[in-house]
Amino acid sequence: MNDTLSPATSATNAANTANAAPEAKKRPERPKSSRRRSREFALQGLYEWLVTRSETSVISAHMREQDDFGKCDAAHFDALLEGCIAQAPELEALMRRHIDRRLQDLSPVEHGVLLIGLFELQNFVAIPYRVAINEAVELAKAFGGTDGHKYVNGVLDRTAADLRPEEVQAQRQQRGG
């Protein structure tokens, strides 16, 4: 068996190498914050709840068994998981005002991300609305479909104007002039 490349293979490899796009420079990944991890675990728990309608305590116990759960903000996880499930009807009513489809037509990932984003916008006013939206968008990018993050961003941005009108208006004025 000959381990050398034939001239045709060498020419093809050279052409492929020359035409290859340069690798994009990636920023070194920062370690995830404990809050970001709590949102990720809460999203996984909400996904399970949306699909199976299991009891919150069962889902919480299941999430706590996962690798790296110890690196998350457990109190924030509890607040998100329990609060999103307890307030789901109210949060979904807010959601319906700004979505262009039935709730049943949302993917469970987008649905869960929107629940988390809306819950934080409504209940964690110490978290700036732009941060709550950005965190939800990052969850949608990591776990959702190709353009799901754009949909999440639009829905949460419009809902933020309803839930935190003064903060949104001040931010828009600051950006505009």
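Here the structure is a predicted model, which is why all the values come from computation and not from measurement. FYI, side chains are in, hydrogens and waters are out, and symmetry mates aren't considered; it's all heavy atoms of this structure. Residues: numbered from 1 along the sequence shown.
- Every pair passing salt bridge (Lys or Arg N to Asp or Glu O under 4.0 Å) that includes a residue from residues 78-95 is listed here, sequence neighbours excluded: R64-D78.
- At a threshold of 4.5 Å between side-chain heavy atoms, the hydrophobic network of Ile, Leu, Val, Met, Phe, Trp and Tyr places L43 and V58 in two separate groups.
- Listed by chain and residue number, K150 satisfy the salt bridge (charged side-chain N to carboxylate O under 4.0 Å, His left out) test with D147 (two or more places apart in sequence, or in another chain).
- Atoms CD and CZ, from E120 and R35 in turn, are 7.0 Å apart once rounded to the nearest 0.5 Å.
- Among residues at least two apart or in separate chains, ring-ring contact (aromatic ring centres under 6.0 Å, His included) pairs with a member in residues 67-116 are F41-F69, F69-F77, H76-F124.
- Within the model, atoms CG of L114 and CZ of F119 stand 15.0 Å from one another, a figure rounded to the nearest 0.5 Å.
- In this structure, the side chains of L106 and Y151 come closer than 4.5 Å at one or more pairs of heavy atoms.
- Summarising the local packing, CD of Q66 is surrounded by more than 12 heavy atoms from other residues, nucleotides or ligands at distances under 6.0 Å.
- For the pair L94/D162, no side-chain contact is recorded, criterion being any heavy-atom separation below 4.5 Å from C-beta on.
- Put simply, the side chain of E135 never gets that close to the backbone of G117: no donor and acceptor are under 3.5 Å apart.
- With hydrogens and angles disregarded, a donor-acceptor distance shorter than 3.5 Å links the side chain of T52 to the backbone of E48.
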Exercise for the section: Take K32 and D68, measure what salt bridge (charged side-chain N to carboxylate O under 4.0 Å, His left out) needs, and give me the verdict at the end. Expected result: CA-CA 11 Å; K32 293 179 186 176; D68 293 336; over 6 Å; no
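- Salt-bridge formation is detected for the pair R130/D157: a Lys NZ or Arg NE/NH1/NH2 atom is positioned less than 4.0 Å from an Asp or Glu carboxylate oxygen.
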